[in-house]
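In this text the structure is predicted, and so the values were computed from the model without any measurement. Counting convention: from 1, in listed order, for ligands and their atoms alike.
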Amino acid sequence: METTENRQTIFSGIQPTGNLTLGNYLGALKNMSSLQSAYDCIYCVVDMHSITVTQEPSTLRKKTYDLLALYLATGLDPTRSIIFVQSHVSAHAELTWVLNCLTYMGEASRMTQYKEKSKQHADNINVGLFDYPVLMASDILLYNTALVPIGQDQKQHLELARTLAQRFNAKYSPTFIVPEPYIAKVGGKIMSLANPTKKMSKSDVNENASIYLTDDADIIVRKVKRAVTDSDSTIRHSASKAGISNLIVIYSLSSGKSIKEVEKQFEGSNYGIFKQAVADSVIAKLSPIQQEQKRLLQDKTYLDSVLKEGAIKAETLARRTLAKVYRKVGLIPRQF
Ligand code: TYM
């Protein structure tokens with residue numbers, strides 16, 4: 001077995017805001033959990049990203065614990081991985097400042113998510129929203145991260161992190177590993193149930209568009225049954241059948257069967273039967289996670305101990321990188 005010394009580092013994070021969807025689970029969380037056996041993993045609840053849009057403070061606090069408990073309930077293991085909250089390690093904000101000074105206004109303005117969120121939150125287009133991808137780059141670069149498990153929608157942000165790493169390395173000297181995205185071929189973009197040409201998103205106002213990780217069995221059945229499909233009746237994965245293809249992907253990931261196996265299993269079947277099977281497999285996947293999350297949320301002392309231990313470990317690694325960066329850009333070391 002490989003030793004820790006030659007294992008690569010994985011970093012990923014999720015915002016503790018909105019209602020997390022099946023897209024977040026299948027696109028990111030599920031992979032974050034399975035990668036733990038082969039990599040040194042660092043998983044962060046990115047609360048500072050969340051305040052780039054208006055948050056009710058008590059809700060943000062509650063959702064931060066909810067997400068931590070969800071991390072643990074999906075199998076992220078604090079004895080194997082570093083699990084922590086972003087605001088507990090101030091180096092994330094500090095490295096952001098240095099990287100800000102290497103990021104061009106033009107490249108930050110081109111970020112699709114910034115443009116979309118500026119439309120969604122037209123009354124609050126703040127500098128933090130603009131700077132969001134630079135904070136994300138700092139998250140990643142502080143830990144010598146080699147691979148970043150994310151959904152397709154975060155690819156452009158990861159590209160910026162790569163650009164900034166390369167730019168810093170070229171301007172000063174080799175410092176950062178240039179990280180690669182880890183985007184699952186199947187599940188990297190789970191689509192909306194109401195409009196399968198659009199991404200399933202926690203900020204979608206149509207509740208029927210997404211399966212939330214908190215949805216109970218009845219709601220899941222109802223939402224899957226209503227999912228938009230087509231007038232054909234064959235259960236086949238194809239570019240011209242976006243709705244059914246999305247359900248096939250969801251079933252494939254929830255049941256552990258390949259797309260080919262799913263198509264074979266439902267050959268000659270109809271959409272009604274298939275949709276029931278999709279709902280059942282999602283329920284079978286989510287309900288044990290929901291129960292475990294509920295149980296963990298009752299043990300605040302344990303959750304706080306996980307956060308403390310995670311922050312201490314992350315802080316040590318992050319400080320080391322930040323000290324190196326400060327030195328290379330010419331900031332003198334502090335004397336206390
Ligand atoms: P966030 O919180 O919006 O989403 C968390 C993760 O879920 C993925 N995702 C999806 N995957 C497949 N299909 C979907 N429909 C879908 N919707 C969301 C996202 O791609 C993401 O991986 N900026 C990040 C959080 C972040 C981060 C980081 C990630 C901050 N720092 C450092 C990695 C590394 C975000 O807002 O994700």
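- Annotation: Tyr114 is not in aromatic contact with Tyr132 [ring centroid separation under 6.0 Å not met].
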Exercise answer, ligand 1 polar atom pairs (N/O) under 3.5 angstrom:
residue, atom, partner, partner atom, Å
ligand 1, 2 (O), Gln15, N, 2.9
ligand 1, 2 (O), Lys202, NZ, 3.3
ligand 1, 4 (O), Asn24, ND2, 3.2
ligand 1, 7 (O), Asn24, ND2, 3.0
ligand 1, 11 (N), Gly23, O, 3.3
ligand 1, 13 (N), Ile190, N, 2.8
ligand 1, 15 (N), Ile190, O, 2.8
ligand 1, 15 (N), Met200, O, 2.9
ligand 1, 20 (O), Gly151, N, 2.8
ligand 1, 20 (O), Asp153, OD1, 2.4
ligand 1, 22 (O), Gly151, N, 3.1
ligand 1, 23 (N), Tyr132, OH, 2.7
ligand 1, 23 (N), Gln154, OE1, 3.0
ligand 1, 31 (N), Asp139, OD2, 2.6
ligand 1, 36 (O), Gln15, NE2, 2.8
ligand 1, 36 (O), Tyr132, OH, 2.5

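- Salt bridge annotation for Asp66-Lys62: present, with a cationic side-chain nitrogen under 4.0 angstrom from a carboxylate oxygen.
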Stepwise salt bridge (charged side-chain N to carboxylate O under 4.0 Å, His left out) test for Glu261 and Lys264: CA-CA 5 Å; Glu261 285 169 329; Lys264 189 130 197 281; over 6 Å; no

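- Taking OG1 from Thr74 and CD from Glu292, the interatomic distance works out to 10.0 Å, rounded to the nearest 0.5 Å.
- Stacking of Lys300 on the aromatic ring of Tyr65 is recorded, both the 6.0 Å distance cut-off and the 45° axial limit being met.
- Ring to ring, His237 and Tyr251 are not that close: their centroids are 6.0 angstrom or more apart.
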